Amino acid sequence: MTIRVVIVDDQAMVRAGFAALLSAQADIDVVGEAPDGRQGVQVSRSTHPDVVLMDVRMPEMDGLTAAREILAPPPGVVHRPKVLMLTTFDIDDYVYEALRAGASGFLLKDAPPADLIAAVRVVASGEALLAPSVTRRLIADFVQQRPAPRKDPALRLNGLTPRETEVLELIARGLSNQEIAGHLVLAEQTVKTHIGRVLAKLDLRDRAQAVVFAYEAGLVRPGDSA
């Protein structure tokens, strides 16, 4: 299956470089580009991509606002692609809020080409790009600025079984399905089933939102390790 990608970035050279790199892959097709968030939303609605690479800071409409519009479309718009945020090291709350809005993760713009290609494939497959340690560290930094757990998420944890709570905690610590299976001595398919139930019970879209939820509920704390 070919992965359809739209690239949204205000720098033409970045768009061109990413497009050339991704188009060279047999399983990836760049179906559109846009220089700002507003046009990014329009291009995404017209081309129906599987993944949107979205820069955080852009004129006209920033990446956060555009991601929200794409991930929570108005009535009548049924297509919802995955959104992968592109950013630099000057991270701020934009990325955190994008994850809360349903983005599937984020990638540093200066990441190696192989990481960009792998990220598109990972996000397209339905997983969240949360494995890199930099992602976990930055999410932890954001939550550290909000030290008091929010009551609503903490209360919602009561709806999970003890095993589901364990699985959610390990997701938030950055473990993959295979690693969670090894840690809990479970079959990987059983882990996938637990994750599906966790997302359904908590009304979360994917693992990215699950990580944010776990931090906000106080299930894990910044600096915790697996």
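If you read the sequence from its start, that first residue is 1, and numbering goes on from there. Just so it is clear, the structure is predicted and the values come from calculations on it, not from any experiment.
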*How long is the gap from CG on Asp203 to CD on Gln209, to the nearest 0.5 Å?*
8.5 Å

_Looking at every non-hydrogen atom in both residues, tell me the closest pair between Val51 and Pro81 and how far apart they are._
N-CB, 4.4 Å

_Side chains of Thr87 and Met85 in contact at under 4.5 Å (non-hydrogen atoms)_ = no

_On a heavy-atom basis, which atom in Met54 and which in Ile70 lie closest, and how many Å separate them?_
CE-CD1, 3.6 Å

*asked:* With a 4.5 Å cut-off on side-chain heavy atoms, are Leu22 and Ile117 touching?
replied: yes

*Under 3.5 Å, side chain of Ser44 to main-chain N/O of Gly40, donor-acceptor pair present?*
yes

*Side-chain (Thr190) to main-chain (Leu186) donor-acceptor, under 3.5 angstrom*: no

*Does Asp9 pair with Lys109 as a salt bridge, N-O distance under 4.0 Å?*
yes

*Just do the side-chain contact (heavy atoms from CB on, under 4.5 Å) check on Val5 and Val31 with the steps written out, would you?*
CA-CA 6 Å; Val5 176; Val31 297; 6.0 Å; no

*So Val120 and Ile3, side-chain contact (heavy atoms from CB on, under 4.5 Å) or not? Walk me through it.*
CA-CA 8 Å; Val120 169; Ile3 302 170; 4.0 Å; yes

*asked:* Does Glu33 form a side-chain contact (heavy atoms from CB on, under 4.5 Å) with Val43? I'd like the steps, not just the answer.
replied: CA-CA 7 Å; Glu33 300 177 22; Val43 171; over 6 Å; no

*With a 4.5 Å limit on heavy-atom distance, are the side chains of Phe213 and Leu168 in contact?*
yes

*Can you check whether Thr65's main-chain N or O pairs, donor with acceptor, with Glu69's side chain at less than 3.5 Å?*
no

_For the CG atom of Leu202 and the CG atom of Leu157, what is their distance to the nearest 0.5 Å?_
7.0 Å

*State, yes or no, whether a side-chain contact exists between Lys201 and Thr161 at a heavy-atom distance under 4.5 Å.*
yes

_Is there a side-chain contact between Pro73 and Arg45 in this structure, where contact means two heavy atoms from C-beta onward sitting under 4.5 Å apart?_
yes

*Exercise: identify the closest heavy-atom pair between Gly102 and Leu71*: C-CD1, 3.3 Å

*Look at the side chain of Ser23 and the backbone N and O of Ala20, then say whether any donor-acceptor pair between them is shorter than 3.5 Å.*
no

*Value rounded to 0.5 Å, distance of CZ in Arg15 from CG in Leu53*: 12.5 Å

*Measure across Arg207 and Leu175 and return the closest heavy-atom pair with its distance rounded to 0.1 Å.*
NH2-O, 2.8 Å

*Heavy-atom pair with the smallest gap, counting every atom of Ala172 and Val211*: CA-CG2, 3.9 Å

*Measuring from Leu199:CG to Glu164:CD, what's the distance to the nearest 0.5 Å?*
10.5 Å

*Is the backbone N or O of Asp29 less than 3.5 Å from a side-chain atom of Arg4, with the two atoms forming a donor-acceptor pair by type?*
no

_Shortest non-hydrogen separation from Met58 to Pro35 and the atoms involved_ = SD-O, 4.2 Å

*Salt bridge or not for Asp50 and Lys82, using N-O below 4.0 Å?*
no

*Would you check if Leu86 and Phe106 make a side-chain contact, meaning some heavy-atom pair closer than 4.5 Å?*
no

_Any heavy-atom pair between the side chains of Glu166 and Arg163 that's under 4.5 Å?_
yes

*In Å and rounded to the nearest 0.5 Å, what is the CG to CG distance from Leu170 to Leu184?*
5.5 Å

*Could you please spell out the steps behind the side-chain contact (heavy atoms from CB on, under 4.5 Å) verdict for Asp55 and Asp10?*
CA-CA 8 Å; Asp55 188 20; Asp10 61 338; 3.4 Å; yes

*Are the side chain of Glu179 and the backbone of Ser176 linked by a donor-acceptor contact shorter than 3.5 Å?*
yes

*Atom CD in Gln189, atom NE2 in His194: separation rounded to 0.5 Å?*
11.0 Å

*Taking the side chain as C-beta and beyond, is there a heavy-atom pair between Val41 and Met61 under 4.5 Å?*
yes

*Just by modelled atom types, is the Leu64 backbone N or O under 3.5 Å from a matching donor or acceptor in the Asp62 side chain?*
yes

